[in-house]
2 protein chains.
Amino acid sequence: MSQPQLSRALLQNLGMFRNLPDADLDSILQHARVCRLQEGDAAFLQGEDAAEFFVLLSGRLKVVQVTPEGEQIIVRHVNPGDIFGMAKAMSRRQYPASTVAVQESLALAWPAAAWDTLVSRSPQFAAGAIQTVGQRLQDAHSRIRELSTEEVEQRVARALLRLVESSSTQTLEGQEIDFPITRQEIAEMTGTTLHTVSRLLSAWKNDGIILSGRRRITVCSVDKLAQLARAEPPATPNAN
Amino acid sequence: MSQPQLSRALLQNLGMFRNLPDADLDSILQHARVCRLQEGDAAFLQGEDAAEFFVLLSGRLKVVQVTPEGEQIIVRHVNPGDIFGMAKAMSRRQYPASTVAVQESLALAWPAAAWDTLVSRSPQFAAGAIQTVGQRLQDAHSRIRELSTEEVEQRVARALLRLVESSSTQTLEGQEIDFPITRQEIAEMTGTTLHTVSRLLSAWKNDGIILSGRRRITVCSVDKLAQLARAEPPATPNAN
DNA sequence: CGTCCCGTTGATCCCTATCAAATGTAGTGG
DNA sequence: CCACTACATTTGATAGGGATCAACGGGACG
């Protein structure tokens, strides 16, 4: 089991691992398993026994729930540096969702038991975990608020903005989303259908707000998109 | 400042406070402030500085967010034994929502600083907090899934079932929800309008599934309601 | 006994899901 | 290098679930 050299540098800037002494970090790294994922591979599946928790080093994952009726929704995306699969830490037996790579990814995995060790060894780690979960709870509440009160157009606009925010690259034309994404997936993020998403994106493409190809989206005008996300701009923004 | 006698018994069965030595519990109780709330009173308001966290001893609260446009949504209800207002523990400066009594209530409040003391004194306390927040995150994801994929009727049915589950009393006619609740509030829980809720409840009343008066709801047939929550029963459930 | 809320019920409209094809685009294997 | 296949996207037509607009009725409380 000769692990590749895992550097402390991987973890020590990762929020929850901050404030841990180097010795602890080293010991933690020794128990880590490296987890390589090709696009489409799952780190784990909904309902599986929550045996491990993970940190994403590189790439991008989506967290997916399937409803009893077989529909999918995307709960969130996992970015490099994020912890995921903390089910056991929340005292869940099984993972409540599947986590799937949307591009080639690299993660570290630890046996769930290691969690308790970490928490008891460092109150800061526990505090970091609470903060992380708390942030996700905030995000979830935001989405609930949006799903409850906003129209599809605003929700889709907001979803794009979040993607730009969390993982996009500046290009000549604008901010390009770093990983391949389909209309179907955007629909699963916003509680609508791929048809409606397609129509919206087509309209926005006509207005020069975005560019898009197969599984690629570039946001040209973040401002106009933010405008749309706020509210329906009254067709005539006042001759002013 | 002669506090009423606060018994350890109030806390020691409260999940997060379990596993704390009696001496610690006593010391914790000494720093608690008693917080009495009349119906309609707020423990704190959205946007206020998160100076305290709370435990509800008796009564019932609702956690409410207002959107930029002034619409309200009910994030969750707080039941006796629940912790609320943990914003500071999640490193939020301000409370992200208001918390308002829907009936006369009694709570304990601690200065936010006490949180860190608790976490560092007891890893179990930290673990309990993570579990609590994790459970709420699960619940939030369930709601997102429902808002994304289900129809209004199912969502309202499910909301009623949850209320029955968490705070109802068996009466002659069925399970009566313990606190006053309006159609408007149910609408705010389910992302719809009071009109639609009223229509649904009227229909269900006709079918003998519920009884309702002003701000009062009794569920007579939990089974039929669960049926409705699952899916639209095809008008003819098959002559079987 | 009047006023304030809360609840009920019509009528109408419109956003968006659904149904149905056609077109485009990558990848594959011959 | 091209035909073939699988998957993504686009676009039209249609229908329907709920929101919205508008009144009215009824119980509680001062």
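The sequence lines fix the lettering, A, B, ..., with proteins before strands; numbering per chain opens at 1.
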Engineer: Are any of the side-chain nitrogens in B:Glu150 or B:Arg158 under 4.0 Å away from the carboxylate oxygens of its partner?
Structural biologist: yes
Engineer: Does B:Arg214 reach a base, just sugar-phosphate, or nothing at all? Heavy atoms under 4.0 Å.
Structural biologist: base
Engineer: Per the side chain to side chain donor-acceptor pair (under 3.5 Å) rule, what does the pair list look like for residues 188-198 of chain B, sequence neighbours excluded?
Structural biologist: B:Gln184-B:Glu188, B:Thr193-B:Thr196
Engineer: Side-chain N or O of B:Lys205 versus OP1/OP2 of C:dT8: is the shortest distance under 4.0 Å?
Structural biologist: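 For B:Lys205, the contact criterion (side-chain N or O under 4.0 Å from OP1 or OP2 of C:dT8) is met.
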Engineer: Taking only Lys NZ, Arg NE, NH1 and NH2, and the carboxylate oxygens of Asp or Glu, determine whether A:Glu146 and A:Arg162 approach each other closer than 4.0 Å.
Structural biologist: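 Between A:Arg162 and A:Glu146 there is a salt bridge, with a charged N closer than 4.0 Å to a carboxylate O.
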Engineer: Starting from C1' on C:dC6, measure out to CG on B:Leu194 and report it in whole angstrom.
Structural biologist: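 Value for this atom pair: 9 Å.
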Engineer: Any salt bridge between B:Arg60 and B:Asp178, counting N to O under 4.0 Å?
Structural biologist: yes
Engineer: Grab the two heavy atoms, one from B:Ala157 and one from B:Leu225, that are nearest each other, plus how far apart they are.
Structural biologist: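 Smallest interatomic distance, heavy atoms only, reads CB-O, 3.8 Å.
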Engineer: Which nucleotide span of DNA chain D, 5' end to 3' end, has atoms closer than 4.0 Å to non-hydrogen atoms of chain B?
Structural biologist: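 The footprint of chain B covers D:dG18 to D:dA28.
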Engineer: Mind grabbing the angle between the end helix axes of the helix from C:dC1-D:dG30 to C:dG30-D:dC1? Five pairs an end, 10° rounding.
Structural biologist: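 The angle separating the two end axes equals 40°.
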Engineer: Which whole-number value in Å describes the distance from B:Glu39 CD to C:dC5 P?
Structural biologist: 13 Å
Engineer: Determine, for A:Glu52 against A:Arg33, whether the closest basic-nitrogen to carboxylate-oxygen distance falls under 4.0 angstrom.
Structural biologist: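 A:Arg33 and A:Glu52: salt-bridged.
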Engineer: Report all side-chain donor-acceptor pairs from residues 207-223 of chain B shorter than 3.5 Å, counting only partners two or more places apart or in another chain.
Structural biologist:
| from | atom 1 | to | atom 2 | distance (Å) |
| --- | --- | --- | --- | --- |
| B:Ser212 | OG | B:Arg183 | NH2 | 3.2 |
| B:Ser212 | OG | B:Lys205 | NZ | 3.4 |
| B:Arg215 | NH1 | B:Glu39 | OE2 | 3.3 |
| B:Arg215 | NH2 | B:Glu39 | OE2 | 2.9 |
| B:Arg216 | NH1 | B:Ile177 | O | 3.3 |
| B:Ser221 | OG | B:Lys224 | N | 3.1 |

Engineer: Please round to the nearest 0.5 Å and tell me the distance separating atom CD of B:Glu48 and atom OH of B:Tyr95.
Structural biologist: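 Reported to 0.5 Å precision, the distance equals 7.5 Å.
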Engineer: Are a donor atom and an acceptor atom from the side chains of B:Gln175 and B:Ser168 found within less than 3.5 Å of each other?
Structural biologist: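 Checked: B:Gln175/B:Ser168 side chains pair up, N/O donor to acceptor below 3.5 Å.
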Engineer: Each nucleotide in nucleotides 11-21 of chain C should get exactly one letter: B, S or -. Can you fill that in based on protein heavy atoms under 4.0 Å?
Structural biologist: B----SSBBB-
Engineer: Quick one about A:Arg92 and B:Gln135 (side-chain donor to acceptor, distance below 3.5 Å, no hydrogens or angles considered), yes or no?
Structural biologist: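 Yes, side-chain donor-acceptor contact under 3.5 Å.
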Engineer: Side chains of residues 65-74 of chain B: which donor-acceptor pairs under 3.5 Å do they make with residues two or more places apart or in other chains?
Structural biologist:
| from | atom 1 | to | atom 2 | distance (Å) |
| --- | --- | --- | --- | --- |
| B:Gln65 | OE1 | A:Arg145 | NE | 2.8 |
| B:Gln65 | NE2 | B:Pro96 | O | 3.4 |
| B:Thr67 | OG1 | B:Glu69 | N | 3.2 |
| B:Thr67 | OG1 | B:Gly70 | N | 3.3 |
| B:Thr67 | OG1 | B:Glu71 | N | 3.0 |
| B:Thr67 | OG1 | B:Glu71 | O | 3.4 |

Engineer: By the 4.0 Å heavy-atom rule, please label B:Ser198 as base, sugar-phosphate, or nothing.
Structural biologist: base
